There are 2 protein chains.
Amino acid sequence: MKPDLFPRRSDCPINYALETFGDKWTLLIIRDLMFKEKTYYGDFLSSNEKMSTNILADRLKRLEERDLVTKTVDENNRAKSIYALTEKGKDLLPMLMEITLWSGKYYKKTNTPKQFLKQLENDKQGVIEGIRTNWES
Amino acid sequence: MKPDLFPRRSDCPINYALETFGDKWTLLIIRDLMFKEKTYYGDFLSSNEKMSTNILADRLKRLEERDLVTKTVDENNRAKSIYALTEKGKDLLPMLMEITLWSGKYYKKTNTPKQFLKQLENDKQGVIEGIRTNWES
DNA sequence: CTGTATCCTTAGGGATACTG
DNA sequence: CAGTATCCCTAAGGATACAG
């Protein structure tokens, strides 16, 4: 793994996380990779939040630089790339689950089904498959 | 509790979280309130990340609007205010712990002691006191 | 010291055109 | 479709002055 050689405001772990994915867009890409099995450039563009192409390209590049995401050529269509989470990226799952639980508790309009939040609360391990099948677009 | 009446890009819970505290500064204030028991305006300014006064004022206002933080007059010195986490704010603790664990695994320079990360891993509940005593500034 | 306000520069990001 | 590039406006935010 590449060393992290980006300028930092401090050595605080919270700050490290913020400087790695702390903006209004990056975590949406992680979400799509983790829960929606999106893999192509166009997949990310089609999300509800409507991110623009320059932002997407920029964030994918940053995620690659920070070793959260890999970019490989699709052998079935060498004109496009497959984006995938690294171990470092996949390890954000527990954090994403906690975020989902928190939002589920306080954001009444969340599109995550109530019974699914309950299931998440009871079994925080090994739920990624459940997430993938239950998550609404 | 006030209803959430802010414009949203989507009803996704991850997106809700991003629109509530998804920027490079807000979570640092939450961190200071949660782990360092900072309560005054100047306390936040003195953190390592050196946020400027206009940013701090703006973020504190947003956090109040979103019911993560309360602002009350200090009866010992009525010229200053005491900032504190609401239940909604305190409920971010599990997420902050997961962030700390993740950064501890991948950010080698983190100032969080190794044995403390191990303790956090083993006992994710009821560790707030431990965090407060072990956290380095 | 607690905040607010202002000035000003840079970064974020929407729209869209363009290339392979 | 995948991805880059440009145009241009707005938001973020550093520095600093100022008021209570």
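The sequence lines fix the lettering, A, B, ..., with proteins before strands; numbering per chain opens at 1. In this text the structure is predicted, and so the values were computed from the model without any measurement.
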Subject >> Polar side-chain atom of B:K38 near backbone of B:D43 as donor-acceptor pair, under 3.5 Å >> reply: yes
Nearest to the [X] side chain among [options], which nucleotide is it?
{"X": "B:N54", "options": "C:dT2, C:dG14, D:dG13", "result": "D:dG13"}
{"X": "A:K80", "options": "C:dG3, D:dT4, D:dC1", "result": "D:dC1"}
{"X": "B:Y40", "options": "D:dA15, D:dA2, C:dT2", "result": "C:dT2"}

Just how far, in rounded Å, is [atom2] of [N] from [atom1] of [X]?
{"X": "A:R9", "N": "D:dG13", "atom1": "CZ", "atom2": "C1'", "answer": "11 Å"}
{"X": "A:R59", "N": "D:dG3", "atom1": "CZ", "atom2": "C1'", "answer": "16 Å"}
{"X": "A:I55", "N": "D:dC9", "atom1": "CD1", "atom2": "P", "answer": "17 Å"}
{"X": "B:K50", "N": "D:dA12", "atom1": "NZ", "atom2": "P", "answer": "23 Å"}
{"X": "A:F44", "N": "D:dT4", "atom1": "CZ", "atom2": "P", "answer": "14 Å"}
{"X": "A:L56", "N": "C:dA15", "atom1": "CG", "atom2": "C1'", "answer": "15 Å"}
{"X": "A:K61", "N": "D:dA2", "atom1": "NZ", "atom2": "C1'", "answer": "16 Å"}
{"X": "B:D74", "N": "C:dT2", "atom1": "CG", "atom2": "P", "answer": "10 Å"}

Subject >> Connected via hydrophobic side-chain network under 4.5 Å: B:I82 and B:I30 >> reply: no
**OP:** Check whether B:I55 and B:L45 end up in the same hydrophobic cluster, where Ile, Leu, Val, Met, Phe, Trp and Tyr are linked by side-chain heavy atoms less than 4.5 Å apart.
**Re:** yes
Original post:
For D:dG20, does either OP1 or OP2 sit under 4.0 Å from a side-chain N or O belonging to B:R78?
Top reply: no
Original post:
DNA chain D: A:S81 or A:K24, which has the more 5' nearest nucleotide?
Top reply: A:S81
Distance-only donor-acceptor test, [X] side-chain atoms vs [N] base atoms, 3.5 Å:
{"X": "A:D23", "N": "C:dG12", "value": "no"}
{"X": "A:D58", "N": "C:dG12", "value": "no"}
{"X": "B:T53", "N": "C:dT2", "value": "no"}

**OP:** Give one of base, sugar-phosphate or nothing for B:Y83, where a contact means two heavy atoms less than 4.0 Å apart.
**Re:** sugar-phosphate
Original post:
Of all heavy-atom pairs between B:W102 and A:K88, which one has the smallest distance, and what is that distance?
Top reply: NE1-O, 2.9 Å
Subject >> cation_pi(A:R59, A:F44) dist<6.0 Å, angle<=45 >> reply: no
